[in-house]
*Asks:* 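Handing you this structure, nothing more for now.
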Amino acid sequence: MTDQPTEPQAHNVHIDGQPGQAIIRIGGEALPAGSVTGYVLQHDISAALPLLVLHTRQPDGVVFQGLARVAVGVTKTSADQIVEFLGSVDPQLLDQEALNRADYGGGPGATARAVLMTLTEWARNTEGGTR
């Protein structure tokens, strides 16, 4: 017997989610109705497999003892996300893109407006956009 947990196994998962309910099947077997109160499906493109976290309703008196993998996620605030995004911006590329916009109109605030419009476009398309 080993004290080390084995690597997690991949399972075939099917989720039929509708507002207020979800039917979740793991390995073709539906989870009991009402046992899942929520779920999070996360897939990092560079990772091999998505991660499914099920939030379950536990009956009174449930006790668990044993080894388990535990993950703790800390949600980033909006400010953290904005700071991270702005930190990834290439200032020279931003200058070029903003000043070469077809809708650059000149006048008071034109450069700032062009920079903000460019940043807004990049923020909406951070996966495929050029920064």
Side-chain angles (χ1 to χ4, degrees):
M1 183 172 186
T2 177
D3 288 337
Q4 295 298 317
T6 60
E7 286 300 312
Q9 300 293 316
H11 297 279
N12 183 14
V13 176
H14 177 87
I15 301 173
D16 183 4
Q18 304 295 324
Q21 68 176 1
I23 298 169
I24 300 174
R25 295 181 184 278
I26 299 178
E29 297 288 324
L31 298 177
S35 63
V36 176
T37 60
Y39 66 90
V40 177
L41 183 60
Q42 176 183 341
H43 188 200
D44 179 353
I45 300 301
S46 64
L49 293 171
L51 172 66
L52 174 63
V53 178
L54 299 174
H55 300 272
T56 60
R57 178 174 285 115
Q58 299 295 323
D60 291 338
V62 171
V63 176
F64 172 81
Q65 180 176 334
L67 297 174
R69 292 190 182 273
V70 178
V72 178
V74 179
T75 305
K76 292 182 180 179
T77 66
S78 297
D80 293 335
Q81 292 172 334
I82 292 167
V83 167
E84 184 177 335
F85 170 74
L86 292 175
S88 72
V89 171
D90 177 336
Q92 288 181 319
L93 181 59
L94 178 58
D95 276 349
Q96 292 169 357
E97 294 285 326
L99 295 175
N100 292 326
R101 292 181 63 90
D103 59 356
Y104 184 80
T111 302
R113 190 169 31 259
V115 166
L116 291 171
M117 290 173 67
T118 302
L119 287 171
T120 300
E121 289 171 1
W122 287 356
R124 286 193 177 125
N125 190 21
T126 57
E127 292 295 319
T130 304
R131 292 189 278 157

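One is the number of the first residue; the rest follow in order along the sequence.
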*Asks:* Between Y104 and A98, what is the shortest heavy-atom contact and its length?
*Replies:*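 That closest heavy-atom pairing would be CD1-O, 3.9 Å.
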*Asks:* For the residue pair L54 and L52, establish whether any side-chain heavy-atom pair is separated by less than 4.5 Å.
*Replies:*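 Yes, at least one pair of side-chain atoms sits under 4.5 Å.
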*Asks:* Please check if L93 and F85 belong to a single hydrophobic cluster, counting links between Ile, Leu, Val, Met, Phe, Trp and Tyr side chain heavy atoms closer than 4.5 Å.
*Replies:*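 Yes, L93 connects to F85 through the hydrophobic network.
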*Asks:* Check for me, please, whether V53 and V36 land in the same ILVMFWY cluster - side-chain distances under 4.5 Å, paths through other members count.
*Replies:*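 No, because V53 and V36 fall into different hydrophobic clusters, even though each may have its own neighbours under 4.5 Å.
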*Asks:* Shortest non-hydrogen contact from Y39 to A22?
*Replies:*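 Closest heavy-atom pair between Y39 and A22: CE2-CB, 4.0 Å.
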*Asks:* Indicate the atoms forming the closest heavy-atom contact of E97 with W122, along with that distance.
*Replies:*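 Closest approach of E97 to W122, heavy atoms only: CG-CZ2, 3.6 Å.
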*Asks:* Is there side-chain contact between T111 and L99, with at least one heavy-atom pair below 4.5 Å?
*Replies:*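 Side chain of T111 against side chain of L99, heavy atoms only: contact under 4.5 Å found.
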*Asks:* Could you go step by step and tell me if L86 and L119 meet the side-chain contact (heavy atoms from CB on, under 4.5 Å) rule?
*Replies:* CA-CA 9 Å; L86 292 175; L119 287 171; 4.2 Å; yes
*Asks:* Please lay out, stage by stage, how V40 and H55 fare under the test side-chain contact (heavy atoms from CB on, under 4.5 Å).
*Replies:* CA-CA 8 Å; V40 177; H55 300 272; 3.8 Å; yes
*Asks:* Assess the residue pair H43 and L51 against the criterion (side-chain contact (heavy atoms from CB on, under 4.5 Å)); give the C-alpha distance rounded to whole Å, side-chain angles, the decisive distance to 0.1 Å, and a yes or no.
*Replies:* CA-CA 6 Å; H43 188 200; L51 172 66; over 6 Å; no
*Asks:* Are L116 and I82 linked, directly or through intermediate hydrophobic residues, by side-chain heavy-atom contacts shorter than 4.5 Å (ILVMFWY only)?
*Replies:*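 No, it is not one cluster - the side chains of I82 and L116 are not joined through contacts under 4.5 Å.
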*Asks:* When rounded to the nearest 0.5 angstrom, what is the spacing between CZ in R113 and CG in D103?
*Replies:*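 Here the rounded value is 9.5 Å.
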*Asks:* Are any of the side-chain heavy atoms of R101 and T118 separated by less than 4.5 Å?
*Replies:*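 Heavy-atom side-chain distance check passes, below 4.5 Å.
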*Asks:* Looking only at heavy atoms, which two atoms of A30 and R25 are closest? And how far apart?
*Replies:*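 It is CB-NH1, 3.5 Å.
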